[in-house]
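As structure tokens, the structure follows; a few thoughts come after it.
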Protein chains: 2
Amino acid sequence: MNLKELSSLLGLSQTTVSRALNGYPEVSEKTRARVVKAAQAHAYSPNTRAQGLATGHSKCIGHVISVSDSAEMVNPIFGDFMAGAGETYAAHGYDMMVTRVGAQDEADTYLSLKARGAVDGVVVHAPRRNDSRLALLDKIDLPYVVHGRSTGIKRPYTWLDVNNTRAFSEATSYLASLGHRRIALINGPETMDFAIRRRSGYESSLRFAGLPIDPALMSTGEMTEGYGHAQANAMLDMDNPPTAFLAASIICAAGIRRALDERGLRPGKDVSIATFDDCLSYFGNGGDQPVFTAWQSSVRLAGAAVAQMLIDRIQAPNAPHINELWEAEFVAGTSTGPAPDHSKD
Amino acid sequence: MNLKELSSLLGLSQTTVSRALNGYPEVSEKTRARVVKAAQAHAYSPNTRAQGLATGHSKCIGHVISVSDSAEMVNPIFGDFMAGAGETYAAHGYDMMVTRVGAQDEADTYLSLKARGAVDGVVVHAPRRNDSRLALLDKIDLPYVVHGRSTGIKRPYTWLDVNNTRAFSEATSYLASLGHRRIALINGPETMDFAIRRRSGYESSLRFAGLPIDPALMSTGEMTEGYGHAQANAMLDMDNPPTAFLAASIICAAGIRRALDERGLRPGKDVSIATFDDCLSYFGNGGDQPVFTAWQSSVRLAGAAVAQMLIDRIQAPNAPHINELWEAEFVAGTSTGPAPDHSKD
DNA sequence: CAAAGTTGTCAAAGCGCTTTGGAATGTCGT
DNA sequence: ACGACATTCCAAAGCGCTTTGACAACTTTG
């Protein structure tokens, strides 16, 4: 069923039927009702491609997911972010297109998306420092919103980020205030802007507390469970091991916890763990009784909000850029406690 | 840059340019080379929508993700499956469209996808028993491939599944052979076909081993870490607790493990854990030294294979239906061991 | 050397929609 | 009763591509 058939069926012109369905005022309410009813009865939905061709926009939003070829790692927050964004898109009649790409072909992918008119805008995921994608997107005039920020980019752009610096600064101070003097940072990949900010928050709090900054207590890598486990193991083997860990994600934290368990160390007693928590739907932090002491911020809500910002941006491309900085919320869990007293050792 | 501009720039007709780029034989190699070079120089890519309108297919594949409104749960395998599928799509010039939908609007979403001509085919995720989507898709003639199977559907359809029955039967036998007589099943949602099969594999091996089937040792639910933890805790509180757990996913297994750790029970010594493992990129099973004894099958590879099957199906809609049943691979971890000897209790 | 293929190219139609610029019809003031 | 003005509808153009059918310009054949 297409427009032509439907309109001849109704004895109306295509123009009138189209206007009736799209809510234009120059069609009487009587005929509009008639048209709408017939459209429903015949399950008519305008052909997306034809509509796009005619209007010049695709009502589709692109998400380019860079999969590092080395690690072949899919960011675990991906699913929840998409779920949040998808909700917003559905509410506004937008489709969502996902493109998986290796790091090399990143630029080409955006160019192609633009040249082919496949999307009206894109969400930039996992921004790096001085991320070259932003200049590219500005140049080719493809609307975008950044989930995160890119330090070093001076031109304004629209972004939504969590205050990672603050969260990791608070977390470090919190652990220091519990008496911990050897606090390890199990960070995400420090090619990512958020990881850089997290480290800087961590370091500034260490300095503020008068604690040394020890590179041996800092690690960077893909945020897998195995990574958390391996790093914790390596650090706990040190002569002067950390008494507290600060993890980049709850999945890392789980790995750290496993390392403790294997050694018979009690989390929150012998060794503390604090973590950032993205509120992943399949890996909750224990609900009523949080397991991990955490700074949390829902990536799902972020997805919904970023999607909304992008839709707004597409509809008003010349509006001033909006920036949202969300504060992570502190939850006290059982994974942290006072630094163990070694005076009796 | 569009076809018209490019062709007038070259002093050729649109026809010739189009044919040259699409590899038709009736254009001389000399002009073809000229056209290809110019296209590259001007970064010309045919407009997706126009191309789609003209050819009648969208070169786009749909993934409809049902998010149960109650649980608001995003399946954690989603990201890895997409990464695998995305690779295949990219190689064949297909785009990937993702639609998030609540359980109610599922049927409408497929109808709309079809009516709008938005996709050439869809992947059916998480099939249920007697899944009504298959009949719907057959009726509206939208090509599809099922990731999993749907018990009760008699008409042939194309699917790729893991032999869940076998895997869980083997796992149960394995645990029984270690002397476990109280083996708990921490299953996924038993509205899902795969979970039903897993249970039946589990039960058949219990029967075969002459062990009783105790509903108190079986649970069903969304496969979160918290779920695994809660179920394990509840069961370990029983008068006659299980000595082994069989988990539906490595994430559940992590939760079970946490429950053991909290109680000072040693995995593989006091209580065993076996699990199914989807080989999630962010939650590996320890690499060289597997943590969990597991039956594993890469969901990423499944994604790539399903995508390929769907593309084939779209290109040859009348070809016979293909079914692939993959066997899960056994890996021995440290999480299982002989049932503890209670004779000295 | 005319008739019959080949080869390389093109003009134009068509995909299903939106939108422009009329054109009918009806209503109203005078 | 007549022009003015809304109101309601429509024919046709156009979005950027593919594809059909035709046509020159060459080759080859008898």
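Below, chain A is the first sequence line, B the second, and so on; all start at residue 1.
- Between B/D95 and A/R116, at least one side-chain N (NZ, or NE/NH1/NH2) sits under 4.0 Å from a carboxylate O, which counts as a salt bridge.
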Nucleotide-resolved protein contact map, nucleotides 4-15 of chain C, B/S/- at heavy-atom distance under 4.0 Å: ----BBBBB-BB

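- We find that NZ of A/K59 is positioned 16 Å from P of C/dC17, with the value rounded to whole Å.
- Phosphate proximity of D/dT18 to B/Y24: absent, as no side-chain N or O sits under 4.0 Å from OP1 or OP2.
- Classification of the B/H147-B/H125 ring pair by plane angle, with boundaries at 30° and 60°, yields perpendicular.
- In this structure, A/N47 places its CG atom 17 Å from P of D/dG16, rounding to the nearest Å.
- Going from atom CG of A/L6 over to atom C1' of C/dG16 covers 13 Å, rounded to whole Å.
- Taking the charged nitrogens against the carboxylate oxygens, A/D193 and A/R149 have no contact shorter than 4.0 Å, which rules out a salt bridge.
- Of the possible polar contacts, none joining the A/S150 side chain to the A/R129 backbone as a donor-acceptor pair under 3.5 Å is found.
- Taking the six-membered ring where tryptophan is involved, the planes of A/Y94 and A/Y89 are tilted, since the angle between them lies from 30° to 60°.
- Atom CD1 of B/I322 has 12 or fewer heavy atoms from other residues, nucleotides or ligands within 6.0 Å.
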What's touching nucleotides 22-28 of chain D from the protein side, N or O pairs under 3.5 Å?
none

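- Counting to the nearest Å, the P atom of D/dT8 and the CG atom of A/L10 are 17 Å from each other.
- Aromatic ring centroids of A/F78 and B/F78 lie under 6.0 Å apart.
- Atom NZ in A/K30 sits roughly 13 Å away from atom C1' in D/dT7 (whole-Å rounding).
- Using a cut-off of 4.0 Å between Lys/Arg side-chain N and Asp/Glu carboxylate O, A/E106 and A/R100 are scored as not salt-bridged.
- Within the structure, every side-chain polar atom (N or O) of B/S18 is placed at least 4.0 Å from both OP1 and OP2 of D/dC17.
- Counted within 6.0 Å of CZ on A/R32, heavy atoms from surrounding residues, nucleotides or ligands total more than 12; the atom is thus considered enclosed.
- Of the side-chain N and O atoms in B/Q51, none sit less than 4.0 angstrom from OP1 or OP2 of D/dG16.
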